[in-house]
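Below is one structure; the comments refer to it alone.
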Amino acid sequence: MGDCIHCADARRTPHEIALLRGGPRAAVTVAVVALHLRGVLEAGPPGTVRASRPTEAGDAEHPLSFLPPLPPVGVPLDPPATDGARPAGAVDTAYRALILESAVHGALDEPTGLGELVRHPEVRWAVAEVRVGLAEAGLLTYPLLRPTRAARRQVRALREQHPLPAVRRGLTPDDTLLAVALHGEQGLRVFVPRFALRAGLTARVRIGNKSMLRPSRSSGTYGGSGGFHYCGGGGGSGCGGGGGM
């Protein structure tokens, strides 16, 4: 595909895996965690996230060069197809994942809860673009765009291949995003427990005078892919960038 830097491939990102398993909310959760690991998003007032503040007075804003600019809402990322063929220069799965992260970060004009992020017009459009990649790979059924049986089997296989670890030591940002994509709230509690709780990605329940974490509702299997690889395209730092937990 010549000089195309977003050329299509068959590899699945955590964002796609999460979308197949748990829908838009799960995919946006992965994008939130990815931005947090890169150091450009943090927990805001209880139950919200916000763009990270400069670390010291006078510091410049966090560099966001790894996030691509968003086209106008409703404009597809892929160029128009001709004669039914896949268009030259079609974007790849990692670029669609970065578009979702860019849309999430762009929606943070003020501290925002996860539910509000999921409903934001640009985020909804970006999630739809992630679906395009899955549909092109034959992992969604038409016209409802639900995971195929093969997709569900593949995520079950991924969950078996990548069980939750007992500890975080020695694990990478890639491991974190894959765990959150496959295991939902359980993955959040293992890898980013304090951030997830403060950001409203996991919830508390109160029993008597004790506050306890609510059991996960999102750990069920819901589709997936035959393989996993994700390099988020940012600054040579791997999938998630920094390791801030």
Side-chain angles (χ1 to χ4, degrees), residues 6 8-9 11-38 40-41 48-49 51 64 66-78 90-109 112-148 151-152 154-155 177-178 180-185 187-188 196 199-201 217-218 220-225 228 230 232-234 239-240:
H6 315 308
D9 60 35
R11 298 173 293 182
R12 304 274 71 82
T13 66
H15 311 62
E16 291 176 307
I17 294 169
L19 183 59
L20 289 167
R21 177 190 59 80
R25 186 179 182 91
V28 173
T29 296
V30 168
V32 165
V33 173
L35 291 167
H36 172 64
L37 295 178
R38 292 180 187 275
V40 298
L41 180 151
T48 68
V49 294
L64 297 171
F66 66 90
L67 291 178
L70 297 180
V73 173
V75 176
L77 293 176
D78 288 322
V91 299
D92 68 6
T93 59
Y95 187 72
R96 293 185 194 278
L98 287 176
I99 284 289
L100 177 55
E101 292 177 22
S102 186
V104 168
H105 192 272
L108 297 177
D109 294 330
T112 307
L114 181 62
E116 188 176 351
L117 278 176
V118 173
R119 295 188 297 270
H120 191 280
E122 289 187 349
V123 174
R124 292 177 62 187
W125 167 82
V127 169
E129 284 293 334
V130 176
R131 280 199 179 102
V132 168
L134 292 171
E136 290 175 347
L139 296 173
L140 297 178
T141 62
Y142 289 98
L144 299 179
L145 297 181
R146 292 178 177 173
T148 64
R152 293 194 293 268
Q154 290 164 6
V155 159
L177 296 185
L178 181 57
V180 172
L182 288 172
H183 301 283
E185 287 191 14
L188 291 167
L201 307 183
R217 296 185 299 172
S218 57
T221 302
Y222 189 174
S225 80
F228 170 75
Y230 172 58
C239 176

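When reading the values below, keep in mind they use all heavy atoms of this one structure, side chains included, and skip hydrogens, waters and symmetry mates. Keep in mind that this is a model prediction, so the values were computed, not measured.
- Between the OG1 atom in Thr112 and the CZ atom in Arg119 there is a gap of 10.5 Å [rounded to 0.5 Å].
- One distance of note links CG of Leu114 with OG1 of Thr29; it measures 4.5 Å at 0.5 Å rounding.
- In terms of modelled atom types and a separation under 3.5 Å, the side chain of Arg96 and the main chain of Glu129 share a donor-acceptor contact.
- Here CD1 of Ile99 is found 10.0 Å from CD of Glu122. Values are rounded to the nearest 0.5 Å.
- Between Gly138 and Thr148, the closest heavy-atom pair is O-CG2, 3.5 Å.
- To the nearest 0.5 angstrom, Leu100 atom CG is 8.5 Å from Leu35 atom CG.
- Taking 4.5 Å as the limit, every side-chain heavy atom of Val180 sits out of range of all side-chain heavy atoms of Leu201.
- The closest side-chain heavy-atom distance from Arg12 to Leu139 is below 4.5 Å.
- Here the CZ atom belonging to Arg131 is positioned 7.5 Å from the CG atom belonging to Leu140, to the nearest 0.5 angstrom.
- Panel note: side chain His15, backbone Ala27; no donor-acceptor pair is recorded below 3.5 Å.
- Looking only at distances, no side-chain donor or acceptor of Glu136 sits under 3.5 Å from a matching main-chain atom of Gly133.
- Between Ala107 and Leu117, the shortest heavy-atom distance links the atoms CB-CD2, 3.7 Å.
- Minimum heavy-atom separation, Ala199 to Val49: CB-CG1, 3.4 Å.
- Checking side-chain atoms of Ser102 against main-chain N and O of Leu70 turns up no donor-acceptor pair under 3.5 Å.
- A side-chain donor-acceptor contact under 3.5 Å links Thr141 to the backbone of Arg146.
- Thr13 is not listed as a side-chain neighbour of Tyr95, based on a closest heavy-atom distance of 4.5 Å or more.
- With sequence neighbours excluded, the residues that form a side-chain contact (heavy atoms from CB on, under 4.5 Å) with Ala26 are Ala18, Arg21.
- When all heavy atoms of Ala103 and Val123 are compared, the closest pair comes out as O-CG2, 3.7 Å.
- Distance check: Glu101 CD to Arg38 CZ gives 5.0 Å after rounding to the nearest 0.5 Å.
- Arg25 places no side-chain N or O within 3.5 Å of a backbone atom of Val118 that could act as its donor or acceptor partner.
- Nearest heavy atom pair, residue Leu98 against residue Phe66, reads CD1-O, 3.9 Å.
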